[in-house]
Protein chains: 2
Amino acid sequence: MSERRTQILRAAVRVIAQDGVRGLRIEKLAAAAGVSTALIYYHFKDRSGILHAALEHINRRAENYTEPAQATNGDPLAELEQMLLLELQDIDEVRENSVAWGELRASAVFNHDLRKALQTTTRAWNTDIEDLVGQAKAVGGVAADVDPALAAEHLTALVEGLSERWHSGSISLHRARQVLTQVIAGYRARTT
Amino acid sequence: MSERRTQILRAAVRVIAQDGVRGLRIEKLAAAAGVSTALIYYHFKDRSGILHAALEHINRRAENYTEPAQATNGDPLAELEQMLLLELQDIDEVRENSVAWGELRASAVFNHDLRKALQTTTRAWNTDIEDLVGQAKAVGGVAADVDPALAAEHLTALVEGLSERWHSGSISLHRARQVLTQVIAGYRARTT
DNA sequence: GTCTATACAGAGATAGAC
DNA sequence: GTCTATCTCTGTATAGAC
């Protein structure tokens, strides 16, 4: 992919994180990227083209920082906790991504075109978490009667809910992390 | 409140549920309400006035159907489950409200004016659920070491997360209800 | 209170030069 | 590939009659 394209896409994520998908203005994006509006149309055809490309870009970034972070000494549940808490951090890149991701979800409610990309990434995330729960089960970290798929959907949906509350000012970041931590603790070798 | 106002507000909720807060067009709203655009400005001053009034209206509706539904024989946890599952139903009024409410949250991420109304309703909801968890604790329905406030935030944030996934097509309604039911079941007299 | 007609601004998109 | 200039459409908002 050309330099220019990525330059514009990076700017797009920034602008989306600030104004939302539906608040994205080509002129503002052009300013943020330091190029003319015409160039944006040249590279992305139209508004919807930019949006799709930007959302793909967000997905790719999301997949990246999902990768194994620190050593967790083979404790799958600890790794899971780390992976989920990753989304709830006040660091520019993470917050930007998380807000933009939330916007993608919110927009997909009304724009059916966006749903497919959303589903793919959501499923991938669910699967990652499901695997970790499965591993935790194998080593006795969680009870045998926990359904990994169900637990994964529970945890990821919860993270999304907490993120949006955080971004919309209805819960503090600290509190959100606390809720999540407690819920995960609740999975440690218990019943159901 | 005048007849006309409520007529317009009802239409507004419908339109918001269909196109989102940011997709609301005065002309479309006028058509949906069967009035002229000028009349809308007459009653609500400007676009933002309509939005605020519509969101208040949504809040009022939400508070209503939150009321005790069916007899639950004094089982607080059953009542809680019923109250939360209420949000996950494929019935026009509920879905409309739930979508509109999701839009309010999503818009509040970028529009700080909306946050106050959001916080108020969120807090009220949390408190209701917290009370029920407290009652359940009192009758031994949930373990003594469960923190009702934390549990309430967990459950309500989860419902929001599941709702949005449902509305954006990333989870089926049935599956969302299943996840929620299981999570609540996990609270029945257990540790943490 | 309610409508018709219209002014005005903002934002998406394109033409054409370099 | 990239820019400047500009066209055009859509959507908010108002004027003024009834």
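Order of the sequence lines sets the chain letters (A, B, ...), proteins ahead of strands, with each chain counted from 1.
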Has Gln89(B) got more than 12 heavy atoms of other residues, nucleotides or ligands less than 6.0 Å from its CD?
->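 Counting neighbours around CD of Gln89(B), more than 12 heavy atoms of other residues, nucleotides or ligands fall under 6.0 Å, so yes.
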
Determine which pairs satisfy ring-ring contact (aromatic ring centres under 6.0 Å, His included) with at least one residue from residues 10-44 of chain B, sequence neighbours left out, and list them in order.
->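 Every candidate ring-ring contact (aromatic ring centres under 6.0 Å, His included) pair involving residues 10-44 of chain B fails, so no pair, neighbours aside, qualifies.
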
Pairs flagged by ring-ring contact (aromatic ring centres under 6.0 Å, His included) wherever residues 136-160 of chain A is involved - sequence neighbours left out |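 Applying ring-ring contact (aromatic ring centres under 6.0 Å, His included) to every pair that reaches into residues 136-160 of chain A, excluding sequence neighbours, yields His154(A)-Tyr187(A), His154(A)-His154(B).
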
Would you grab the first and last nucleotide of DNA chain D (5' to 3') that comes under 4.0 Å of any non-hydrogen atom in chain B?
->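 Range of nucleotides touched by chain B: dG11(D) to dA15(D).
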
Only distances under 3.5 Å count here; give the side-chain donor-acceptor pairs of residues 52-59 of chain A to other protein atoms, sequence neighbours excluded, each with its distance to 0.1 Å.
{"from": "His52(A)", "atom 1": "ND1", "to": "Ser48(A)", "atom 2": "O", "distance (Å)": "3.0"}
{"from": "Asn59(A)", "atom 1": "OD1", "to": "Thr121(A)", "atom 2": "OG1", "distance (Å)": "3.2"}
{"from": "Asn59(A)", "atom 1": "ND2", "to": "Thr121(A)", "atom 2": "OG1", "distance (Å)": "2.9"}

Pairwise distance [atom1]([X]) to [atom2]([Y]) - rounded to 0.5 angstrom:
| X | Y | atom1 | atom2 | answer |
| --- | --- | --- | --- | --- |
| Thr156(A) | Met83(A) | OG1 | CE | 10.0 Å |
| Ser107(A) | Arg22(A) | OG | CZ | 4.0 Å |
| Leu84(A) | Glu79(A) | CG | CD | 10.5 Å |

With sequence neighbours left out, write down each residue that passes salt bridge (Lys or Arg N to Asp or Glu O under 4.0 Å) with [X], or none if nothing qualifies.
| X | answer |
| --- | --- |
| Glu96(B) | Arg61(B) |
| Arg95(B) | Asp90(B), Asp92(B) |
| Lys116(A) | none |

Contact residues, residues 7-20 of chain A to DNA chain D [heavy atom, < 4.0 Å] |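 Those residues whose heavy atoms fall under 4.0 Å from DNA chain D, taken from residues 7-20 of chain A, amount to none.
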
List in numerical order all residues of residues 28-36 of chain B for which some heavy atom is under 4.0 Å away from an atom belonging to DNA chain D.
->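 The stretch gives none, as no residue of it lies under 4.0 Å from the strand.
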
Sugar-phosphate means primed atoms, P, OP1 and OP2; the rest is base. With that split, encode nucleotides 7-12 of chain C 5' to 3' as B, S or - using protein heavy atoms under 4.0 Å.
-> ----SS

Which pairs with one or both residues in residues 151-164 of chain A pass salt bridge (charged side-chain N to carboxylate O under 4.0 Å, His left out), sequence neighbours excluded?
->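 Checked against salt bridge (charged side-chain N to carboxylate O under 4.0 Å, His left out) - neighbours excluded - the pairs reaching residues 151-164 of chain A are Arg105(A)-Glu160(A), Glu153(A)-Arg175(B), Glu160(A)-Arg165(B), Glu164(A)-Arg105(B).
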
Let me check something: any side-chain donor-acceptor pairs from residues 9-17 of chain B under 3.5 Å, sequence neighbours excluded? List them with distances.
none

Residue whose closest nucleotide on DNA chain C lies nearer the 5' end, Ala38(B) versus Lys45(A) =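 This one resolves to Ala38(B).
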
